[in-house]
Every structure is written in C-alpha cells, then in structure tokens.
Amino acid sequence: MKAFAALYLRLDATTSSNAKLEALRDYFAQAPADDAAWAVYFLAGGRPRQLVPTRVLRELATALAALPDWLFEESYQAVGDLAETISLLLPQNGQGSDDGLAYWVEAHLLPLRGLPAEEVRQRLPPLWAQLDRPSLMLCLKLITGSFRVGVSKLLVTRALAQLAGLDAKRVAQRLVGYTDIGHRPSAADYHRLVAAESADEHSQRGGQPYPFFLAHALQAPTEQFDALLGPPSDWQVEWKWDGIRAQVVKRDGQLWVWSRGEELVTDRFPELHSLAQTLPDGVVLDGEILVWKPGATRGALAVQPFALLQQRLGRKTLGKKLLADAPVVLQAYDLLEWQGEDWRNRAQHARRRQLERLVAEYPLAPVLLSPLLEGLSWADLAEQREQSRSLGVEGLMLKQREALYGVGRTKDMGTWWKWKIDPFSVDAVLIYAQRGHGRRASLYSDYTFAVWNAPPGSPERALVPFAKAYSGLSDEEMRKVDAIIRKTTVETFGPVRSVTPTLVFELGFEGIALSSRHKSGIAVRFPRMLRWRLDKPVEEADDLATLQALLI
Amino acid sequence: MDLVIARPEGLYCPPGDFYIDPWRPVDRAIITHGHGDHARTGNRHYLTAASGEGILRSRLGQAIDLQTLAYGERIRHHGVTLSLHPAGHVLGSAQVRLEHQGQVWVASGDYKVEPDGTCAAFEPVACHTFITESTFGLPIYRWPSQAEVFAGINAWWRANRDQGKASVLFCYAFGKAQRILHGLDASIGPILVHGAVEPLNRVYREAGVYLPETRYAGDIPRNDPLLRQALVLAPPSAGGSSWMRRFGDYSDAFASGWMLLRGTRRRRGVDRGFVLSDHADWPGLLWAIGQTGAQRVMVTHGSVNVLVRYLNEQGLDARAFATEYGDEDESTPAGAEA
C-alpha cells in the first residue's frame, strides 16, 4: 500500500506527462505482479462497486474523530472530497502498512462489500489504524470508488509498453475488458499484459473489440483550414452523429456490441441481433448507434434526438412499444476487421472502400452507411455544416484519408477532427451556488442558473431555474465570483446558498428538450459557462421564450 | 463592561480609548504584529512589542510615532492596565492583555502555539475573555511536525539540485520566509531571495535570529550554473512574472497551511505544496483557548461561525466579532467567510 501511495503522491504532484510516465515506469519496474495487476486496474479507470455505503463511512469517521455531525459536514464542504475529509479527521498514525496493494484489496477491502453495517464498523477501525495519512486517503478512495489521479488509460498503456518493449497498440488491445467492473485482476493477468507477443494472440481474442480511435476538437476559423489541413480532397468528411459510439463484433457465429466505455451492450439493442446471421464472421464495424425515425425512407437522414436514446438506456426492460417508437440503427463508418484480419493499419480510404462493398454485398437491415459529404472548398463544407442543427447532427467529422486507425486520442497515425457547430447560448442569471470538488474545493463554483419567466415589464416577473453548470470560468474569475457569492448570500440551506441575483453569464449547451422534471419545463445538455456578462444587467438576461424558441 | 467592542474603525477599548489593529486611521493604535491587514498606516500613535519595532518601522515608515513595550511589561492608560505577551506568529507578534476593574481581556491577534525559533514562543495568558482568530478553524487542519515539513523541503531541493533545476519556493515574504530560512539545511546549495524578502531578513538578523547566508537573486547572471542548484524564496506575486524567466527549467512549490488540502494545492498549480503555517491549527486553537481559562470567547477572522458554534457546544460563551483581517497567503477565500 505504501508503494502505491507513494506513486499516487508522485503522480498528483505533477502536471507533466513525461514526469507521470517516469513515475509509472518506476513503480511498475519494482512492483510485485499481483500489486501491479491492481495498480493497472485502478490507474486505467477500473472501479469496483462501492464497497461500503457512504453513510456508514461518514458515521464511523465522525464517531472515531469524536466530532458532532454538523462539524463533519462543514469539514466535508471545505475539502470537497469524502475520502480526503475522512483521512484528515481520523486519528493519525505514524506508520504505513507494508502489505501490498493486492493484499489490501483482496484480503481487506473487497470482502467488506455486502457485510452488515455492524460488521463493517468492527472491521474498519483496526484497518485504518495500520495506515499513514497518504495510504489512508488512498484506501478510502478505493473504498468509495473515487480513485482518480489525472492519469489516462493511454498513459498507463504507454508506460507498460515502454517497460515491456511492446507496441503500445498491442498493450491497449490486451487491456480491453481489463477494467470491467466484475474483473479481479491477478498476477497472471499482469504477466499477460506485458508478455512478449505470441503468434496466436490474434486468434484468441474472442469477442473483444479494438480500442476506440478518438477525434480531436477542431477550433479554428474556416479561413485557416487550408493552411492547417490542406485541401478538402485529403479528407473524408462525414456528419458528426449524436448517439452512442459502438463497435459491432462478429466472430465465430456470435455477435457482440461494445460501447465506447468498453462496456458490453449487446442486450440493450435487440435491433442489431439479426447481424449475428447476416454479417460474415471476422468482421468488426465501428459506428454510431442512433434512434431512427420509424418508417423513414432509406437514404433519408431521420435521426432522432439523443434524449430518446437516453430514455431507452434508462429502462431496465425494453418493451414492445418502446422498440416500435424508438428503434435504433447503426450508422457504420469504419471497418476494423475483415475476414478475421486486423485492418487498422490500412488507410482510412481503403477501410472505407471495403466497408462500402460489405454493406452493398450483404443485406444488413439495421446498418446504414454513414454518408460522405463532398465539398470543393472548406467554405463550401462550412456552409453544409450550417444545416447540422436542423438535421439533428453535431457538425462534421474530418478524417484524414491516409489515417490509420489509432488508439485513443492520438495523432501519430493520422488524425480525426470533430468540427462541431457552435453551442446554443442564452444569457442566464446565477441564483444558487454550492461549493465544488477537486480543484474547486471550498470555492463556490457550482451554480444554478435561471432565466426570466416573462418579458421585461410584466407583472410578477420571476427567475426560474433551468440549468446547473460549473465549468468554463478561469481560476481568477472563479475566485471573484466566489467572493461576490459570499457577499450577496441571502439564505443558506444545507450546502446551498441563494444569492441576490447580480451575476449574468452566457451559458452554452448542446441540446435542449422539454422536460417535466424541471420547474422551467426545459432540460439542456452539457450546460457550461461561455462568458461572464459583466456588461449585462440582470433585467436584460434572457427569458423562457428565448429557450422555447430553440426547441425544434 | 466590555473591554473590547467592534467599531467601524476596528476593535476598540472604551475605557482606555484606543484601538487594536484598526483598519481605519485612529488616534491610538496597538499593533499586534506587522502583517499588512493588522498594521496599517495613518494612525497618530502606535504601540507595539519591542521586538516588533524594526518590522513596523520598515513597513510603516521610520518616522511613525511609536512606543514599545517589552513582553510582560505593564503600563496604565486611563485606568486600563495594558501589557503585551508573545503570540508566536511572527517576529514581534503579541497578544494584548487588558485589565480594568478586575476584568481581564486578551486579544490574540494572529497566533501559533508551536515554537519555531524565529520569534518568542506563544505564552497562554489567563483571562476572563479571550479574543481569538480562527483562520484554520476546522478539525481537518492538523499540522504535520515541523521536522517532517523541513525534511520534505530539503529532499525536494536536493532532488531538484541533482537534476540541475532551480527550486523556487513561494511563501509570504514576512515571517514565513524567515522561518523557512531558519529551518533549511543550508549545506544543500546556495539560497537566493527575491527583493521583497531581503529587507525583512535584515530586520530578523538584527534582532538576533539566525538565518543562513542569502543572496539577492537579481545579482546572479542569467546563465550562472549556480541558479540550477539554488533554492529561491519568492513571494507568491512573483509567480508567473517575467522575473521567473531567469531560472529556466525550475520546479516550484508553495508553503502555506492551505496546502494541506489537495484542492487548494492543485489550484495553486505548483509542483509541490508544503504544509507550513504561522497560524494555530484546530488542536492549537482549542488548546490555546483552554489554557486561558476564559469563559467568554470572541472569535474573529476565519471560520468564525464554526468555531463559535463548537465552543458554545463545549459550554463556553462564544460570539463572533466582525473584523476586516484577512489571510496573508490569500490562497483561499476562507478569510471572506466571516
């Protein structure tokens, strides 16, 4: 536990990727394989189910620290992280346990799940007493499932690849499924991650998908595109779909559907099950799952709002009516495997050509071929992009014609750009604030925004809340807003403060839909602050009519 | 009668007709210590601890009308017996003891209970009413031992030196900087200071506080290899300024009590945070309050509401005093909480 805690502190102390890479290599070079197996799991984003209910943890920590409940709550509000708060409040212990990470996880932590609260209360104090503060915080983060340390899966992959002298793509492939919620990594798993390459590795891959290749955001004026990207003819241009990114794997007569989080979602999409019969073996498609308008003519862009897909995902069982009202299709845009062979090292245009042939040759009912857009110039494409909102897409995708299919958000094998349309925006008023977490801890940084419910001059005009947002401000702005909130507080209820409305922000969001769950009757997607409107008085903020006009 | 009340000008003693650390100009001001939010210009007469004279004159001007008292020395003013006692915060910092018609009040200013070798150590003073600060008034604040913190700073400096990198440590120029200098292992390499730090070093040295040899960073040419072995002390305001460019590829750190929290550490955006404060931590506050034997406690700047509620639950008569004192590190808005 000590060694992993030391690694955590080293990773946490730097923002440099190289320094993090070095810290990871140093750790893996000396860690026993069983510890390394769990370290990979946690660092790459694996999270076991919550081991102990939060309530039990809080009660126990409050009792051990001999504090009143309200003082624990005040402390938590100042720290912004439960595991850290508890580690700061518990009686301190000088020594750290020398037992390894694997022993701690398997012998001490995992067995806690499902135990009666009374038993947990017996077991935890003697465990905590064995740990110094860094180890204690780490242990608590593992228990609460909130372990995060600014390391991407890609970085872990690179560290392991460098250490083992392997291609990073190979390691990424071996890591697929490694962080699944039910997986308990062992020393043997770790050895497999870093083992020398074997000839039959590819044939033993079962239903595994490939690591997804991700796009970078393109944020430059269109006039610079020629200089930045070269001519449009070097690029494959498609719509940017607003659905669920997925790989469809067909091997050995079986079908698997994987989401971008490498989660197996085959059961969620019965519409795709016919592909088990219609797709040939040894095929992997990459594309986007979308709700499609029932009965739409083939060739028409009949994509339905993301909200419908979300509703579907929220349901435990998929009834007949739901399947009829909100059927899905796969907009296929890439072919990663053909006739059992890995095609990722072939150029984008070659993969596309083969994908077109495949779709033409086989009757794949739920699969549509993501259409290509033609444009003589970037200006021409920019004009086509303007239709995005009315078509229900997010903008354009630009894929280098010569690009190979990379791993994660890389650029070394060619690039995919997402060229999104500007978000919706309205000017809204800050009415409630709450302290944030992580780097925003103890600052009032999480806000609720409102718009007016009637035009200026109307009697009984009031502000109605419609969105919460916490991102988009600079640290400097956040400090200023925090100070204003403290000065203009009207009331505090629990951790929330209501303030005299004085602050107006331009709020950006990606989508908007009617909602019966919100007071305003409207729900927005990915709201964030675009700009602090210091120039705008509260009275001139937008009203509900502005929002309603954005509903298509 | 209350010996101290809050007035728009500052904390005021009605029978004695003087103020303690006023934030608006007054006729008579007792200054607990030289930090800017407690010692302001424009007052007609000043009174402070003898060991704080050098600091106060260097900050407010040599010509101020200043009377000093040795720690423990008593004077009477309008029937109020007044004396100053060590607060352990920075050089010359004092608690103010007031006695009038059998009532004793003590105003602590800012204080730290752990001795650090750069100023007289905090001495509890028995009183009926104690005015306490509450900068770190939450139980999450418990300071690691100074030995542990200095071992951490030395190890960080040594590792940077071995990689040929300067170590830039940001800290408040008055008090914190000298405390760090006093505790460092000067054998690791040269120690450079920013222009804001050097004048205060001089005052400390004149007061007989041991500080290792320091050099003004501005005197070292840009490509001097010495820079890559050096520890540099600079005020937080120097961060991100062009002054920093001379150090090339450096590692930076910040020394403050707020560095105890991961969130504030990350918001600072420095490589390392060292937990070193000139204020009492939570156990320190409770210990100091207990030592005075006071039944009544007035709480100023920091986590006022928390400390007031907690002390009341412990059976004391605790109340809030609104003041305009801040926090010299300014790395968290907690000071605005009051």
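So that the names make sense, note that chain A is the first sequence line, chain B the second, and so on, each numbered from 1. Any value given below was found using the heavy atoms of this structure, including those in side chains, with hydrogens, waters and symmetry copies removed.
For the pair L443(A) and R267(B), the minimum side-chain heavy-atom distance is below 4.5 Å. Taking 4.5 Å as the limit, every side-chain heavy atom of Y310(B) sits out of range of all side-chain heavy atoms of E74(A).
Between the OH atom in Y141(B) and the CG atom in L88(A) there is a gap of 8.5 Å [rounded to 0.5 Å].
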Are I140(B) and E84(A) close enough, and set up right, to give a side chain to side chain contact (heavy atoms under 4.5 Å, CB included), and what steps lead you there? CA-CA 9 Å; I140(B) 48 177; E84(A) 187 180 354; over 6 Å; no

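Atom OH of Y470(A) has 12 or fewer heavy atoms from other residues, nucleotides or ligands within 6.0 Å. Heavy-atom neighbours of K480(A) NZ from other residues, nucleotides or ligands within 6.0 Å: at or below the threshold of 12.
In terms of non-hydrogen atom pairs under 4.5 Å with chain A, the most contact-rich of V270(B), L260(B), L261(B) is L261(B). Considering only heavy-atom pairs separated by less than 4.5 Å from chain B, the leading option among D475(A), L71(A), L9(A), T14(A) is L71(A).
If you measure heavy-atom distances from M478(A) to chain B, you find no contacts under 4.5 Å at all. For L138(B), the part lying under 4.5 angstrom from a heavy atom of chain A is the side chain only. Of the atoms belonging to L90(A), it is backbone heavy atoms, and not side-chain ones, that fall under 4.5 Å from chain B. Both the backbone and the side chain of R309(B) come within less than 4.5 Å of a heavy atom in chain A. Interface residue L89(A): backbone and side-chain heavy atoms are both found under 4.5 Å from chain B.
For the residue pair A13(A) and R272(B), the shortest heavy atom distance occurs at CB-CD, 3.9 Å. A pairwise comparison of heavy atoms in P68(A) and E313(B) identifies CG-OE1, 3.7 Å as the closest pair.
Under 4.0 Å is where a charged nitrogen must lie from a carboxylate oxygen, and between D81(A) and R262(B) no such pair does.
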